[in-house]
Amino acid sequence: MTAAVEDSVSTADPHRTVLEVRGLSKSYPGVTALDAVDFELREGEVHAIVGENGAGKSTLIKILAGAEVPSSGRITINDTTYDRLTPALALELGIAVIYQEFTLVSTLTAADNVFLGDYLTKGPVLDTKTMNARAAELFARLEVDIPPQAQVEDLTTGYQQVVEIAKALSKNARVLIMDEPSAPLTAAEVDAMYNVIDTLKRQGMTIVYISHRMDEIFRLSDRVSVLRDGKHVATRKTGQTTREELITLMVGRELKSGYPERDTPPGEVSLEVSGLTGNGVQDITFQAHEGEILGFAGLIGAGRTELMELLFGSKPVESGEVFFQGRPVISRSPEHAIKNRIALVPEDRKRHGVILDFCIKDNIALPLLKKMSRSGVVSAGRVSRLAEEYMDSLRIKAPSSSQLVKNLSGGNQQKVVLGKWLATEPEVLIFDEPTRGIDVGARNEIYLLMNKLAEAGKTILMISSDMEELIGMSDRVIVLREGRQQGTLTRSEISQESILSLAAEGNVE
């Protein structure tokens, strides 16, 4: 990516407060989401906000964007104080939010999206020439070469994110709030996003950066604020704190650093896959053992999720064999997979893992409705008892099992998905990006649960794009590239370099 124009010179005053909240609170029935939070932003800084899921980060963002009305407190922007903001007022005051799910129209051009809702016109006709020229200037300001006439659907996810940022700049945003901006991006796109943020900072933009990824916090931010249970716990200069201190502030207790160790070595071969082909993958062969966590690595499009869809029966197998404890178990459907004692915790929990508008107990009981029914009538008592069992064992935080899943934090939603599949009593568990988008405390709990399942003799297949997670949790790692198996790394061979070498170049077995 190349710059078309030079950076504008920053005149930011790093000591000037551009936004301040005092005593900000927000209550919902039975829940206090924000509790008397004090918080300030300075001109030209990258200010990270961290906290466990449910800490109040999303509520704070919504209030600053004008999407939620605070129960109490005040917001001061450029020396003017407000009891609340509206979306229109927030934009007028220069506050813009870049959400994980982009608000773009895929069939329109990049320039059209930049000026979406605020088109430039000549009389009754769109002034396409001027919009293209101004969009080009904004992309150049971000040091990214995006053709203004390009269709958004033809752009990479990283470039789509840049279009969102340019849209905010077109509305004269001075405070840019970025909510988990790296979540949908590839590794290369994340590096490009870092460059964009560095560029904006040099130009005096104030950026609020929300992320669960500690490496990003320490790479990008000047200061970091910690929220816990709706309260503002602390603000630190990033260069004067540590990962361990932030985690302790976030969870309210000290977590052991690194990944939990397992004392029990893997046992006998349990799952055998031979020549499995279909759904974009070809000739995959491997063995997995009882009590083993077998990692699967690869770049975007390598075929990891596609392989697991074959094993779970959600996509048809063209050829090959699958055996569990010597018994053929090729699954023809997810229902068949459940009978074969195979479970899949999917990558996208909101689309494929839970039904957000269902309550906890209905989600957990979903795969077992036939077993929990008599004469076609589901036993409400059995459903409630099952849900309570898994809410207790997985420590799902909710007032009751009747709580709607959409109102839970990301970590608790993931636990509901786990509870649903553990209730089927599987022997093979597939975890596809098991900790994506969840906080460090819930992540640690899931690691402990995975180890506990492995120690109980379960076979775990884990896909992860988090290199540290792969290295820290896997007994072995199988690397895929373009739908083909490139190599298998033993515990002593697993490293970031060895995984990336096979993922990028390959060494077909």
Side-chain angles (χ1 to χ4, degrees), residues 26-35 49-62 100-101 179-180 183 210-213 226-231 233 247 250-253 255 260 343-367 383-424 429 431-453 466 469:
K26 177 63 180 180
S27 296
Y28 301 96
V31 178
T32 299
L34 280 184
D35 188 358
I49 300 179
V50 299
E52 294 189 272
N53 291 114
K57 304 186 300 295
S58 295
T59 303
L60 178 59
I61 289 174
K62 290 175 182 176
Q100 291 182 48
E101 297 178 2
D179 183 13
E180 295 284 355
I210 297 172
S211 176
H212 291 304
R213 298 180 179 179
V226 182
L227 298 182
R228 184 175 74 235
D229 297 330
K231 297 178 182 292
V233 177
I247 290 173
M250 286 165 60
V251 302
R253 63 190 187 280
L255 291 179
L344 170 64
V345 178
E347 175 183 10
D348 190 337
R349 61 178 171 268
K350 291 186 177 181
R351 291 180 58 201
H352 303 132
V354 291
I355 300 177
L356 293 172
D357 289 321
F358 280 19
C359 63
I360 295 171
K361 62 184 177 183
D362 289 345
N363 269 284
I364 290 177
L366 204 55
V383 168
S384 293
R385 287 191 293 273
L386 179 74
E388 295 295 338
E389 175 187 345
Y390 283 98
M391 284 186 69
D392 182 59
S393 63
L394 296 175
R395 297 201 294 179
I396 297 173
K397 296 178 183 177
S400 74
S401 62
S402 298
Q403 178 82 15
L404 296 182
V405 171
K406 67 181 180 182
N407 295 329
L408 300 178
S409 68
N412 284 302
Q413 288 179 356
Q414 186 75 332
K415 289 180 182 179
V416 173
V417 180
L418 289 170
K420 179 177 78 171
W421 290 115
L422 291 176
T424 67
L429 290 103
F431 287 81
D432 192 349
E433 304 287 1
T435 62
R436 174 170 289 175
I438 64 176
D439 62 74
V440 65
R443 181 177 297 204
N444 187 260
E445 290 184 33
I446 288 173
Y447 293 152
L448 290 170
L449 174 63
M450 291 173 69
N451 276 1
K452 184 177 179 181
L453 291 168
D466 185 325
E469 185 171 82

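What you see is a predicted model, and the numbers here were worked out from it, not measured in a lab. Throughout, numbering of the chain's residues begins at 1 and tracks the sequence.
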When rounded to the nearest 0.5 angstrom, what is the spacing between NZ in Lys420 and CD1 in Ile360? 13.5 Å
Output for pair (Leu449 CG, Leu422 CG), nearest 0.5 Å, gives 6.0 Å
Could you go step by step and tell me if Arg213 and Glu180 meet the salt bridge (charged side-chain N to carboxylate O under 4.0 Å, His left out) rule? CA-CA 9 Å; Arg213 298 180 179 179; Glu180 295 284 355; 5.6 Å; no
Take Met250 and Arg228 through the side chain to side chain contact (heavy atoms under 4.5 Å, CB included) test and state the conclusion after the steps. CA-CA 6 Å; Met250 286 165 60; Arg228 184 175 74 235; over 6 Å; no
Stepwise side chain to side chain contact (heavy atoms under 4.5 Å, CB included) check, Glu347 with His352: CA-CA 8 Å; Glu347 175 183 10; His352 303 132; over 6 Å; no
Side chains of Val416 and Tyr390 in contact at under 4.5 Å (non-hydrogen atoms): no
How close do Val50 and Ser211 get, counting heavy atoms only, and between which atoms? CG1-O, 3.8 Å
Using side-chain heavy atoms (C-beta onward) and a distance below 4.5 Å, is Leu404 in contact with Leu356? no
Using modelled atom types and a 3.5 Å cut-off, is there a donor and acceptor pairing between side-chain atoms of Gln414 and backbone atoms of Thr435? no
On a heavy-atom basis, which atom in Asn451 and which in Pro260 lie closest, and how many Å separate them? ND2-O, 2.9 Å
What is the distance from atom CG of Leu386 to atom NZ of Lys361, rounded to the nearest 0.5 Å? 11.5 Å
Heavy atoms only: give me the nearest Gln413-Leu408 pair and the separation to one decimal. NE2-O, 3.3 Å
Taking atom CG as the centre, does Asp348 end up with more than 12 heavy-atom neighbours from other residues, nucleotides or ligands that are less than 6.0 angstrom away? yes
Going by heavy atoms in the side chains, are Glu433 and Asp466 under 4.5 Å from each other? no
Distance, nearest 0.5 Å, that separates CZ of Phe358 from CD of Gln403: 15.5 Å
With distance as the sole test, does Asn363 use its side chain to make a donor-acceptor pair with the main-chain N or O of Cys359 at under 3.5 Å? yes
For the CD1 atom of Ile355 and the NZ atom of Lys350, what is their distance to the nearest 0.5 Å? 15.5 Å
Heavy-atom closest pair (Thr424 atom, Pro367 atom, distance to 0.1 Å) is CG2-CB, 3.8 Å
Give a yes or no on whether a salt bridge exists between Asp432 and Arg349, defined as a side-chain N under 4.0 angstrom from a carboxylate O. no
Is there a donor-acceptor pair closer than 3.5 Å between any side-chain N or O of Asp357 and the backbone N or O of Lys406? no
Do side-chain atoms of Lys57 reach the backbone of Ile49 as a donor and acceptor pair under 3.5 angstrom? no
With the side chain counted from C-beta on, respond yes when Pro346 and Arg351 share a heavy-atom pair under 4.5 Å apart, and no when they do not. no
With the side chain counted from C-beta on, respond yes when Trp421 and Val345 share a heavy-atom pair under 4.5 Å apart, and no when they do not. yes
Measuring only between side-chain heavy atoms, which start at C-beta, is Phe431 closer than 4.5 Å to Val417? no
Ile364 and Gly419 have their tightest heavy-atom pair at CG2-O, 4.1 Å
The side chain to side chain contact (heavy atoms under 4.5 Å, CB included) partner of Ser27 among Leu34, Thr32, Asp35 is Thr32
Could you state the interatomic distance from OG (Ser384) to CE (Met391), rounded to the nearest 0.5 Å? 11.0 Å
